[in-house]
Amino acid sequence: MKRVYTFLCGIAAAALVSGCGADMPELTREETDLISEYAVGVLLKYDKDHVNRLVDTAGYEIAEAEEPEETTKEEPEQDESEEQAKETQTVDVSEDEEAAAMPSTIEEYYGIQDITIQYNGYELSQSYPPSTEENNMFFAMDATEGMQLLVLKFTAYNTSGSDQTLDMLGHGARFRVSLNGEASKGALATMLLNDMQTYKDVIPAGSSTELVSIVEIPQSVSVGTIEFILRGNGENAVLTLQ
């Protein structure tokens with residue numbers, strides 16, 4: 001490399017000095033510049049300290065290569081107990097408690113003391129009460145055409161040692177009847193003395209009296225299940241009679 005460098009320098013020097021020897025041909029200024037440019041290019045080509053770039057980007061490439069790769073930020077793992085707590089649904093047991101506290105008897109629903117009311121069955125009739133020659137009825141009712149009367153019978157017992165007044169009218173008693181799971185119908189308002197919705201009288205100690213609740217149903221309907229719906233004291237209560 002050193003010899004090449006010395007040789008080229010000699011050529012460049014000879015080219016720049018015209019008339020220094022008989023054997024050296026005369027060169028034009030343009031030819032001299034071309035030889036000088038070529039000589040400098042050859043020198044630079046073999047010069048290990050020269051980098052043939054307009055801008056040395058080696059440093060940038062190294063820095064770029066060393067730059068850490070962007071990593072996806074991982075979400076912190078949630079605590080397992082916290083995750084389970086989120087997935088756990090709050091169960092409202094108020095409905096179950098309410099169902100458990102639902103009154104199971106007529107007297108419990110209306111808050112009647114010292115008297116129990118028991119269901120005793122039903123009868124189907126075209127009129128109530130049944131007319132007889134011995135029965136001097138104050139009030140009687142007949143079923144409309146194509147209908148029949150479903151008469152639900154109850155017995156009210158005075159379980160105390162003293163006379164008790166049973167005032168169903170004062171309790172605001174209202175009844176509905178659902179037959180065979182169908183939509184309920186309101187019990188008929190009657191003037192019967194023993195209509196349980198409007199009954200108000202004294203039951204002597206240790207005695208009982210018969211009460212009824214009547215609803216009109218089609219003659220073609222047979223009785224299967226009977227649900228007795230109590231109203232007039234806040235939330236409705238449903239008693240399954242049969």
Nearest heavy-atom contact between Ala156 and Ile115 is CB-CG2, 4.2 Å
What one should report as the nearest heavy-atom pair of Ser127 and Asp142 is CB-OD1, 2.9 Å
Value rounded to 0.5 Å, distance of CG in Leu152 from CD1 in Ile214: 8.5 Å
Output the distance between atom CE (Met191) and atom CE (Met141), rounded to the nearest 0.5 Å. 12.0 Å
In terms of hydrophobic clustering (I, L, V, M, F, W, Y; side-chain heavy atoms under 4.5 Å; direct or indirect links), are Leu230 and Leu169 co-clustered? no
How far apart are the C-alpha atoms of Glu216 and Gln148, what are their side-chain angles, what is the distance that settles it, and do they pass the side-chain contact (heavy atoms from CB on, under 4.5 Å) test? CA-CA 6 Å; Glu216 199 172 44; Gln148 58 183 337; over 6 Å; no
Starting from the C-alpha separation in whole Å, work towards a yes-or-no answer on side-chain contact (heavy atoms from CB on, under 4.5 Å) for Ile106 and Met196. CA-CA 11 Å; Ile106 296 173; Met196 189 164 60; 3.9 Å; yes
Test your reading of the model: is there a side-chain donor-acceptor pair from Glu107 to the backbone of Ile117, 3.5 Å cut-off? yes
What closest approach, in Å, do Asp163 and Pro204 show between heavy atoms, and which atom pair accounts for it? OD1-CA, 3.2 Å
Is Gln197 close to Met168 at the side-chain level, that is, under 4.5 Å between some pair of heavy atoms? no
Only pairs at least two apart or in different chains count here, so list each ring-ring contact (aromatic ring centres under 6.0 Å, His included) that has a residue in residues 178-197. none
What's the verdict on side-chain contact (heavy atoms from CB on, under 4.5 Å) for Tyr128 and Thr190, showing C-alpha distance, side-chain angles and the deciding distance? CA-CA 11 Å; Tyr128 185 85; Thr190 75; over 6 Å; no
Among residues two or more places apart or on two chains, list those pairs meeting ring-ring contact (aromatic ring centres under 6.0 Å, His included) that have a residue in residues 189-234. Phe154-Phe228, Phe175-Phe228
CA sep, side-chain torsions, deciding dist, call: Val177, Ile226, side-chain contact (heavy atoms from CB on, under 4.5 Å): CA-CA 7 Å; Val177 178; Ile226 301 176; 4.1 Å; yes
Would you compute the distance between atom CD1 of Ile203 and atom CG of Leu166 and round it to the nearest 0.5 angstrom? 5.0 Å
OG-CG distance between Ser208 and Asn158, expressed to the nearest 0.5 angstrom: 9.5 Å
Under a 4.5 Å cut-off applied to non-hydrogen side-chain atoms, are Val221 and Leu150 in contact? no
For residues 114-131, which residue pairs pass the salt bridge (charged side-chain N to carboxylate O under 4.0 Å, His left out) check, not counting sequence neighbours? Glu123-Lys153
Show the nearest heavy-atom pair for residues Ile229 and Ser184, with the distance to one decimal. CD1-CB, 3.7 Å
Does the Thr105 side chain pair with the main chain of Glu108, one donor and one acceptor, at a distance under 3.5 Å? yes
Close side-chain approach of Ile217 to Leu179, heavy-atom, < 4.5 Å: yes
From CG (Leu211) to CG (Leu192), nearest 0.5 Å: 11.0 Å
Considering non-hydrogen atoms only, spot the tightest contact between Ser213 and Ala187 and give its length. OG-CB, 3.5 Å
Nearest 0.5 Å please: distance from the CD atom of Glu227 over to the CD atom of Glu182. 11.0 Å
Decide whether Leu188 and Leu124 are clustered together by the hydrophobic rule: side chain heavy atoms of Ile, Leu, Val, Met, Phe, Trp, Tyr closer than 4.5 Å, transitively. no
In this structure, would Tyr119 and Val223 fall into the same cluster of hydrophobic residues linked by side-chain contacts under 4.5 Å? yes
Taking all atoms of both residues into account, what is the closest heavy-atom pair of Gly181 and Ser178, and its distance? C-OG, 3.8 Å
Kindly indicate whether the side chain of Asp167, heavy atoms from C-beta on, has any atom under 4.5 Å from the side chain of Lys200. yes
